[in-house]
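First up is the structure itself, then whatever we jot down about it.
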Amino acid sequence: MLQQTQAATVVPYYNRWLRRFPTVRSLAATTESDVLHAWQGLGYYTRARNLHRCGKMIVEKFGGRLPNDPDELKSLPGIGLYTANAIAVFAFDQSLPIVEANTARVLSRLFNIRAPIDSTSGRQKLWEASAKLVPQKGARHFQNAMMDLGALICTAHNPCCQICPVKKFCRADKPASLPRKRQRARTISITEWHCFRTSGRTILLERCRQRWRGMWMLPKIQQRNSAPIHRAQFSFTHHRITLEVFRGRSNRLTTRQRWFSCHQLNRIPIPSPHRRAIIDLFIAERGAGLHPQRS
DNA sequence: AACGCGGGGCG
DNA sequence: CGCCCAGCGTT
């Protein structure tokens, strides 16, 4: 959950997740739809699918116990170099380097690394720097301190160099100008059209294909036939998407479409912009029994 | 070596 | 608005 998502955002999801899947076996035994539903709203849903597969592999290949060897950890879906080493460091107190957003920022400043930290050469320098610093004993405390330093003092904006405990080791000329990152693609704007088609207390939804795969959204339509009854904007990597929803019918009922009753909506995964649209539109129709997800 | 992938928070 | 966030797998 913490991969590219701020810890404060994760906390409520993490607590709900552990109540819902208290053991790795309960996770392995559930459906992908249920996993996506528990993840709903957190984004980057491939992480949820990978964690599900990961749970199954832990049960089937590792007897229900998480391995402590970084190479075995890396063989699990969703566990890359950072996560494998982080588990080995924080769960098993092994002495290994870790590089993530916080430590990358700290290390780039300490060592004055000017190469973009998301480039191959920049990443290599960061991992070398981390390996150079990590102590043989007490690596867990050390890496924890490095991350807290990045989170609380060596911050992305307005780093508090005055109170930094390692100020005298820092080689950065201008700490605030680091780390550097590669230039990103220009944001492009897109408008997407979907329909709100209901019949009594049921609503027509459609399986998402690539983005949000495995989730359910309002059916796509190719043509707008009237004024939108709902409009919302959301951003997405380098896309800015305007979601327009029209009353009425999708062209035809495809195999990817299904009718759902209102109370079913609280048990299936729906991407946040579409969930908000559905709630908004049902409330506009004086509520058909739908209520926002309860924690 | 790039790219795609969500969503919320902040300056 | 654009940048940032306990990265990863794919192309």
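Throughout, protein chains are lettered first and strands after them, A, B, ... in sequence-line order, and every chain is numbered starting at 1.
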Nearest whole Å is fine: how far is [N] [atom2] from [X] [atom1]?
{"X": "His238(A)", "N": "dG6(B)", "atom1": "NE2", "atom2": "P", "result": "13 Å"}
{"X": "Ile241(A)", "N": "dG7(B)", "atom1": "CD1", "atom2": "C1'", "result": "12 Å"}
{"X": "Gln233(A)", "N": "dG7(B)", "atom1": "CD", "atom2": "P", "result": "15 Å"}
{"X": "Ile270(A)", "N": "dG7(B)", "atom1": "CD1", "atom2": "P", "result": "12 Å"}
{"X": "His239(A)", "N": "dG4(B)", "atom1": "NE2", "atom2": "C1'", "result": "8 Å"}
{"X": "Trp212(A)", "N": "dG6(B)", "atom1": "CH2", "atom2": "P", "result": "8 Å"}

Using the [atom1] atom in both, what is the distance from [N] to [M], to the nearest Å?
{"N": "dC3(C)", "M": "dC3(B)", "atom1": "P", "result": "15 Å"}
{"N": "dC8(C)", "M": "dG9(B)", "atom1": "P", "result": "24 Å"}
{"N": "dC5(B)", "M": "dA6(C)", "atom1": "P", "result": "22 Å"}
{"N": "dG8(B)", "M": "dG9(C)", "atom1": "C1'", "result": "24 Å"}

Looking at [N], I'd like to know if its phosphate oxygens (OP1 or OP2) sit under 4.0 Å from a side-chain N or O belonging to [X].
{"X": "Tyr45(A)", "N": "dG7(B)", "answer": "yes"}
{"X": "Ser272(A)", "N": "dG6(B)", "answer": "no"}
{"X": "Arg276(A)", "N": "dG6(B)", "answer": "no"}

| request: Kindly give the heavy-atom pair with the smallest separation between Ile117(A) and Ser108(A), and that separation in Å. | output: CG2-CB, 4.2 Å

| Residues two or more places apart in sequence or in another chain: which of them pass ring-ring contact (aromatic ring centres under 6.0 Å, His included) with Phe234(A)? | Trp212(A)

| request: Go through the structure and list residues passing ring-ring contact (aromatic ring centres under 6.0 Å, His included) with Phe260(A), not counting sequence neighbours. | output: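 Checked Phe260(A) against ring-ring contact (aromatic ring centres under 6.0 Å, His included); matches are Trp216(A).
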
| task | Say whether Arg47(A) and Thr5(A), considering side chains only, have a donor N or O and an acceptor N or O under 3.5 Å apart. | result | yes

| Does any donor atom in the side chain of His37(A) or Arg20(A) lie under 3.5 Å from an acceptor atom in the other side chain? | yes

| message | Around atom CZ of Arg209(A), are there more than 12 heavy atoms from other residues, nucleotides or ligands closer than 6.0 Å? | response |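 Atom CZ in Arg209(A) is not crowded, with 12 or fewer foreign heavy atoms closer than 6.0 Å.
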
| remark: The contact string for nucleotides 3-11 of chain C, one letter per nucleotide 5' to 3', using protein heavy atoms under 4.0 Å with B, S and - for base, sugar-phosphate only and none, comes out as SBBBBSS--

| Hey, which of these two, Thr237(A) or Ser119(A), hits DNA chain B nearer its 5' end, going by closest nucleotide? | Ser119(A)

| task | Please figure out whether Arg182(A) or Gln210(A) has its closest DNA chain B nucleotide nearer the 5' end. | result | Arg182(A)

| request: With heavy atoms under 4.0 Å as the rule, sort Arg49(A) into base, sugar-phosphate or nothing. | output: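 If one applies the 4.0 Å heavy-atom cut-off, Arg49(A) turns out to touch nothing in the nucleic acid.
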
| For Gly150(A), which contact category applies under a 4.0 Å heavy-atom criterion: base, sugar-phosphate, or nothing? | nothing

| said: Run the side chain to side chain contact (heavy atoms under 4.5 Å, CB included) test on Glu206(A) and Lys220(A) for me, step by step, so that the C-alpha distance in whole Å, both residues' side-chain angles and the decisive distance to 0.1 Å come before the verdict. | reply: CA-CA 8 Å; Glu206(A) 181 175 276; Lys220(A) 264 185 119 96; 3.9 Å; yes

